[in-house]
Amino acid sequence: MALLPDFVTGNAGLCLIAASCIGATWLYYRRASTLPNVPGPPPSSFLTGNLLDVVAPATGRDWLLNVSTVYGGVAKLGTLFGGHSLLVNDPRALHQVLVKDQDIFEEWSAWTTTNSLLFGPGLLATVGSQHKKQRKMLGPAFSVTHLRVMTPMFVSIARELETHISSMVQNNPQEVDMIGWLTRFALEAIGRGGMGRSFGNMTEATIFSEAAKQLTASLSVMSPGATLTPFFKYLGPPQFRRLLLKSIPWSLLQRLVDIVDIMDDEAKKILAEQQKDLANHDTDKDGEDIIRILLRANQASNEEERMTEEELVAQISILVFTAMDTTSTAIARVLHLLALHPDVQEKLRAEVIEAYHHQDEAVDFNNLSALPYMDAIIKETLRVYPPIPMMFRQTLKDTVLPLLHPITGEDGKVMNEVHVEKGTDIVVNIIGANHNTKTWGKDASEWKPERWLSDLPESVTKIRDLSGVFAHQMTFIAGNRSCIGFNFAQLEMRVVLAILIQSLEFSIPKDKEIAWNSGLLMTPVLEGSSSIHTQLPLIVKKRKI
Ligand code: HEM
């Protein structure tokens, strides 16, 4: 025993569990290790394959794009212990994965298990008929009719945001960390629009807002370890697993456990309040929110369809998780690009001022949707800079993926399709699909809002297989697991732009370089900073109206 390090002798149980996990992972990954003949980048190490290349904060995005350029629509990636997964951006193959054969290409089990451990059995954690049932019940709350009703509430939150920022820059232009403000806006939008309650004053952080803000960043840092979570659920009952987690001396993990507890407590409180209001027939609120609509539908449904209390709580935490950072970083990206391209900013401002004549009270769903230049900027930004650069799927049985654009196999022969074994992980290369030159043309990677103001090429409009739910792109993916909130997100983007651009000007600070880190989500940071602290410092100037 003296030969073993103290940590091992002192934590024998923990080490045994870790060794079993590693062994089980190895066995698991060996099963799906044959993707014969599909070329791909050499793995950086036997232990982690290409996983660390994909999630590398500063280079992950370009790495993904480069692999698509070099290897085409499908490429073999190395995963843990010499295993392989398939990176896909070919339009026909993506259509097969996400739409045509979506029952064969199920959500990645590491992702659903992680989400189930974090939030419980909500949309991001369920599969098959349970997922379908939940999706059907939540769908109506995201309808255009409902969003139309919600618009004035978004406008009022955006005006609060504008008032706060304006007061900071009233006398002189100032550097403002826009991502912080946009995160508060997005949290408040999902709070009031989603849960029927405010998450607090926009200027002061609360325990909940801090927890929600840190969640994505913590998960991004820990994402390579997500591949191990399917085995975690076999490590005994939840109380035991919790004890196990609490005994691991890793501050980031301990913070994650706290965050999850805070979010869960809040979700339970929200549900209890909503149920009470509903029981009291209290409809004296700013229109119907998502959870209220869900509760009504749940109440009206039959026994087999009805969601449990646990499922309802999970939906609340999942909505906060999915709605907040995705949308705030999407708006942040637009503002960053407008600051980099003052001509585009000015043209957008002219369009908005012309439409509203300085009366932002008039901003409504219809007139917001009728601003062609704003529409072009939003579509182009989401295409070139999708906030989520990739997603994952897993095959439930052996199958064949057809390719629209054939590739050359390792044996030098042309491949029109790829045979994929049961258990293979599929990486949906969202950014690769959005930058595909065969679809979007040679300038696919350039940010050109103008491309949306004239006819798009036939390679975009005439391909039946290009099945993204939004603007021919994969940003919100496609099929039954596509983003349920894509119209909600776009509406938030439009409202914030319409309100801020009229009275504020944005430019880049002279002494700071902004970079975007890859991860689960693309996030703005200061160039060279490896920190998980997101920042978007822009110089904001008050316009004289
Ligand atoms: C620009 C902002 C957003 C982007 C880029 C985005 C992107 C995505 C993507 C790529 C997925 C698919 C995940 C998968 O394959 O499992 C997804 C799912 C989802 N999104 Fe969004 N999203 C955004 C905003 C929102 C908002 C505002 C909401 C809610 C109000 C939302 C709610 C959801 C939910 C609940 C799912 C899970 C759907 C399911 O599994 O059925 N998202 N989102």
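For ligands, and for the atoms within them, numbers begin at 1 and follow the listed sequence. All figures in this text were calculated on a predicted structure; none of them were measured in a lab.
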Are any protein N/O atoms closer than 3.5 Å to the N/O atoms of ligand 1? If there are, list each pair with names and the distance to one decimal place.
residue  : atom   : partner : partner atom : Å
ligand 1 : 15 (O) : Arg393  : NH1          : 3.1
ligand 1 : 15 (O) : Arg393  : NH2          : 3.0
ligand 1 : 16 (O) : Glu107  : OE1          : 2.7
ligand 1 : 16 (O) : Glu107  : OE2          : 3.3
ligand 1 : 40 (O) : His131  : NE2          : 3.1
ligand 1 : 41 (O) : His131  : NE2          : 2.7
ligand 1 : 41 (O) : Arg135  : NH1          : 2.7

Greater than 12 external heavy atoms within 6.0 Å of Leu453's CG: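 Atom CG in Leu453 is packed in, count exceeds 12.
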Any donor-acceptor pair under 3.5 Å from Ser317 side chain to Ala314 backbone: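 Checking the backbone N and O of Ala314 against the side chain of Ser317, no donor-acceptor pair under 3.5 Å is found.
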The single option from Phe476, Phe470, Phe154 passing ring-ring contact (aromatic ring centres under 6.0 Å, His included) against Phe488: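 Result for ring-ring contact (aromatic ring centres under 6.0 Å, His included) with Phe488: Phe154.
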Non-neighbouring partners of Phe199 that pass ring pair (Phe, Tyr, Trp, His ring centres under 6.0 Å), sequence neighbours left out: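 Phe199: ring pair (Phe, Tyr, Trp, His ring centres under 6.0 Å) contacts with Phe208.
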Lys/Arg cation over aromatic Trp516: Arg333, 6.0 Å, 45° cone: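 So Arg333 does make the cation-pi contact.
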Geometric class of the Phe321/Phe119 ring pair [parallel <30°, tilted 30-60°, perpendicular >60°]: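 The rings of Phe119 and Phe321 sit tilted, inter-plane angle from 30° to 60°.
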